[in-house]
Amino acid sequence: MKVVVVDDEELLLDDIIEQLKEMPEIVSTVGFTDPEKALEYILHNEVHVAFLDINMFGMDGMTLAAHVQREKPSVSIIFSHRIQRIRCGGL
């Protein structure tokens with residue numbers, strides 16, 4: 001499975017990526033702090049799942065998800081939010 005993670009907080013982004021790398025079914029994990037760059041990557045590469053932070057500067061996660069679903073509906077979207085990740089002890 002190929003995964004993209006988008007979070008404008010770099011430390012949280014790195015933490016999510018490290019946790020995902022431990023999952024054997026994930027063969028590729030790419031992270032972005034810039035939603036515009038993430039969208040460009042998703043549209044031009046094979047991506048199965050996108051983890052999107054809801055609250056980001058510039059384009060928020062809901063808007064990014066709408067673009068992705070319109071252009072590449074096969075990509076599964078998982079929304080994340082910093083407070084939820086802290087409560088869950090990670091992802």
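Worth knowing before you read on, the calculation uses all heavy atoms, side chains too, and leaves out hydrogens, waters and symmetry mates.
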Self-check item: Of all pairs that satisfy ring pair (Phe, Tyr, Trp, His ring centres under 6.0 Å), the ones with a partner from residues 3-37, not counting sequence neighbours
Solution: F32-Y41
Quiz item: Which residue pairs satisfy the side chain to side chain donor-acceptor pair (under 3.5 Å) criterion with at least one member in residues 55-71, sequence neighbours excluded?
Solution: N55-H81, D60-T63, H67-R70
Quiz item: How many angstroms lie between OG1 in T29 and CD in Q19, if you round to the nearest 0.5 Å?
Solution: 11.5 Å
Quiz prompt | Qualifying residues under salt bridge (Lys or Arg N to Asp or Glu O under 4.0 Å), relative to E46, sequence neighbours excluded | solution = K2
Quiz prompt | Residue pairs passing the ring pair (Phe, Tyr, Trp, His ring centres under 6.0 Å) test where at least one lies in residues 3-29, sequence neighbours excluded | solution = none
Exercise. Could you go through the side-chain contact (heavy atoms from CB on, under 4.5 Å) check for V75 and H48 one step at a time?
Key: CA-CA 5 Å; V75 175; H48 301 109; over 6 Å; no
Self-check item: Test item: V3 and V5 side chains (from C-beta on) under 4.5 Å apart, heavy atoms
Solution: yes
Quiz prompt | Check: D8 side chain, F57 main-chain N or O, donor-acceptor pair, under 3.5 Å | solution = yes
Practice problem: Write down the atom of K72, the atom of I42, and the distance for their closest heavy-atom approach. | Solution: NZ-O, 2.9 Å
Self-check item: Candidate list V6, L20, D7, V4, test side-chain contact (heavy atoms from CB on, under 4.5 Å), partner F51, passing option
Solution: L20
Self-check item: Non-hydrogen side-chain atoms of M56 and D53 separated by less than 4.5 Å
Solution: yes
Self-check item: D15 CG to E10 CD distance, which is reported to the nearest 0.5 Å
Solution: 12.5 Å
Quiz prompt | ring pair (Phe, Tyr, Trp, His ring centres under 6.0 Å): pairs with one or both residues in residues 4-25, sequence neighbours excluded | solution = none
Quiz item: Roughly how far apart are L13 CG and E18 CD, rounded to 0.5 Å?
Solution: 10.0 Å
Self-check item: CA sep, side-chain torsions, deciding dist, call: L52, I77, side-chain contact (heavy atoms from CB on, under 4.5 Å)
Solution: CA-CA 7 Å; L52 309 179; I77 304 291; 3.8 Å; yes
Exercise. If a pair satisfies side chain to side chain donor-acceptor pair (under 3.5 Å) and one of its residues is in residues 30-40, list it, with sequence neighbours excluded.
Key: E40-H44
